[in-house]
Amino acid sequence: MSAIQISHLSKSFATQPVLNDVSLHIRPGEFVAVLGPSGCGKTTLLRTVAGFEPVNSGTITVGDRLFSSPDVHVQPEKRELGIVFQNYALWPHMSVEENVAYSLKVVGMDRNERRVRTQEALTLVGLREFATRRPSDLSGGQRQRVALARCLVTRPGVVLLDEPLANLDVHLRAAMEEEFSRFHQHTGATLLYITHDQQEAMSLADRVVVMNEGRVMQFATPQILYREPANEMVATFIDEGRVIPVTDVQPDGNGHARVAIFGTCVRLRTAVSQPSVAKAQACVHAADLRFAEPGEAGIAARVSRQIYRGGYCQTDITPYAAPELRLSIHSKKEVQPGDNVTFIITDGWVLPQ
Ligand SMILES: Nc1ncnc2c1ncn2[C@@H]1O[C@H](COP(=O)(O)OP(=O)(O)OP(=O)(O)O)[C@@H](O)[C@H]1O
């Protein structure tokens with residue numbers, strides 16, 4: 001396993017900048033997911049690390065080897081990285097076993113060792129009894145597992161995965177997520193995993209890179225992204241966070257502040273370095289809101305709709321003081337569109353200035 005150091009990386013196609021001053025220091029053995037809206041540069045980032053694209057400026061170093069800089073470009077096959085694509089890229093005329101063993105054959109490994117390594121890899125992904133089948137006789141999930149085994153068999157220190165679950169249905173995706181966790185634990189490899197699926201990124205990765213328009217917005221653990229987003233983009237992107245205006249921010253210097261939200265005083269979390277300011281923005285999630293108890297003071301709002309989600313209701317509300325804002329509360333309380341309600345904000349994060 002190796003560290004991946006990406007420093008001040010920029011990449012343009014013709015005159016269009018696609019990666020802009022991207023710096024990421026990924027630790028050896030870390031599982032890192034790259035998340036962001038369509039077109040933000042995720043795949044281009046992975047392709048520059050894999051060596052399929054040269055870079056315009058900055059450097060990519062894996063372990064102690066400089067792979068890319070404006071003057072250096074190590075060819076993809078010389079980088080010794082494992083790569084798993086969403087379309088599997090299996091050889092259709094070869095059996096499962098032959099597909100997995102192929103790269104070992106290419107490097108001249110002897111037949112017995114090849115067999116042992118291939119059986120090991122197939123066992124790990126639960127496909128030992130499918131060894132003689134052709135890829136066309138497997139399900140999508142099984143094919144993706146062959147692609148994983150084929151990557152695993154070479155024992156790479158770094159594995160790049162480009163939306164490996166994108167072609168699978170919801171149930172298979174859940175099963176394959178477990179597969180990836182096992183794969184990571186078993187190999188100890190450093191994993192760079194591109195996805196547009198937030199749940200996948202948040203449940204699998206040690207840390208997640210959130211990208212937007214070719215830039216890194218935040219690189220942090222899933223918990224930090226959710227609880228302490230660095231800016232408005234991350235706040236609204238992660239788990240449907242809502243950004244609301246707050247005034248009269250009075251920090252206690254200990255990671256909390258008293259703020260006014262629509263005239264009501266609320267205690268929120270802040271950066272320890274948060275200064276006192278007249279105006280700021282705060283991020284709240286549905287889990288941070290609840291209906292006020294009878295007689296309890298809260299913020300007045302109107303219900304716009306209620307959706308039954310199985311076990312709870314999602315109630316969408318609009319505060320009277322901010323008619324453009326849509327907030328959601330998860331609770332069992334049943335209300336009707338148009339009802340007047342009052343709600344309490346129990347938690348939230350003041351976005352750093
Ligand atoms: N070979 C290329 N030539 C020109 N433009 C390209 C090329 N590859 C990608 N782009 C452009 O670079 C931008 C980023 O593309 P990229 O595929 O990296 O985004 P992405 O975040 O992976 O998107 P998605 O989630 O939709 O796959 C897009 O505007 C895309 O059109």
Side-chain angles (χ1 to χ4, degrees), residues 4-24 26 31-60 62 67-70 73-77 79 81-89 140 143-144 147 151 158-170 172-173 176-177 180 190-205 207-220 222 225 229-241:
I4 305 173
Q5 302 261 14
I6 300 172
S7 298
H8 303 292
L9 182 69
S10 292
K11 166 79 191 164
S12 301
F13 289 111
T15 55
Q16 187 199 356
V18 172
L19 297 177
N20 206 328
D21 196 24
V22 170
S23 292
L24 298 170
I26 298 170
F31 191 149
V32 169
V34 184
L35 191 61
S38 183
C40 71
K42 303 182 292 290
T43 298
T44 305
L45 177 66
L46 183 117
R47 289 176 58 80
T48 57
V49 176
F52 300 129
E53 301 286 353
V55 306
N56 297 113
S57 60
T59 57
I60 300 172
V62 174
F67 279 173
S68 298
S69 76
H73 183 80
V74 175
Q75 289 304 312
E77 64 278 10
R79 297 190 177 205
L81 305 170
I83 304 182
V84 181
F85 294 107
Q86 65 175 263
N87 61 5
Y88 326 127
R143 279 182 223 165
Q144 191 53 280
C151 171
V158 172
V159 182
L160 310 177
L161 304 109
D162 188 8
E163 302 240 12
L165 305 183
N167 292 335
L168 305 182
D169 70 34
V170 172
L172 266 179
R173 288 175 87 103
M176 286 304 293
E177 280 179 17
F180 282 119
T190 311
L191 262 53
L192 187 60
Y193 187 105
I194 307 294
T195 180
H196 66 267
D197 185 319
Q198 207 175 112
Q199 299 303 334
E200 206 170 282
M202 301 289 268
S203 61
L204 282 172
R207 284 194 295 166
V208 177
V209 185
V210 179
M211 289 185 65
N212 194 33
E213 297 180 349
R215 292 180 184 276
V216 173
M217 296 284 106
Q218 194 169 4
F219 180 26
L225 290 180
N231 53 41
E232 187 172 352
M233 185 268 156
V234 180
T236 52
F237 188 71
I238 298 294
D239 206 23
E240 300 181 49

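Remember, it's 1-based here, ligands and their atoms both numbered in the order they're listed.
In this structure, the protein non-hydrogen atom closest to atom 12 (O) of ligand 1 is V18 CG2, 3.3 Å. Q16 NE2, 3.2 Å is the protein heavy atom nearest to atom 29 (O) of ligand 1. Counting protein heavy atoms only, atom 27 (O) of ligand 1 is closest to T43 OG1, 4.0 Å. When only non-hydrogen protein atoms are considered, atom 28 (C) of ligand 1 lies nearest to G39 O, 4.1 Å. The closest protein non-hydrogen atom to atom 25 (O) of ligand 1 is K42 NZ, 2.8 Å. Closest to atom 26 (O) of ligand 1 among all protein heavy atoms lies S38 OG, 2.5 Å. In terms of protein heavy-atom proximity, atom 9 (C) of ligand 1 is closest to F13 CE1, 3.6 Å.
Put simply, the side chain of L9 does not reach to within 4.5 Å of the side chain of D21, judged on heavy atoms.
In terms of N/O distances under 3.5 Å, ligand 1 is not approached by E53.
At least one heavy atom of G41 lies less than 4.0 angstrom from ligand 1. The shortest heavy-atom distance from M211 to ligand 1 is not under 4.0 Å.
Contacts of H196 with ligand 1, taken as heavy-atom pairs under 4.0 Å, are absent altogether.
To the nearest 0.5 Å, atoms OG1 (T48) and NZ (K11) are separated by 8.0 Å.
Between the side chain of N212 and the main chain of R215, no donor-acceptor pair closer than 3.5 Å is present. Remark: the backbone N or O of G41 is not paired with any side-chain donor or acceptor of E213 at under 3.5 angstrom. A donor-acceptor pair under 3.5 Å is formed between the side chain of Q144 and the backbone N or O of P164.
A cation-pi contact, defined as under 6.0 Å to the ring centre and within 45° of the axis, is absent between R207 and F31.
A side-chain N or O of T195 and one of E200 form a donor-acceptor pair less than 3.5 Å apart. In this model, no donor atom of one side chain and acceptor atom of the other lie less than 3.5 Å apart for Y193 and E163.
Protein heavy atoms come within 4.0 Å of atom 19 (O) of ligand 1.
The distance from ligand 1 to the heavy atoms of T44 drops below 4.0 Å at these ligand atoms: 15 (O), 16 (P), 18 (O).
Scanning both residues, V49 and R79, for their nearest heavy atoms gives O-NH1, 2.8 Å.
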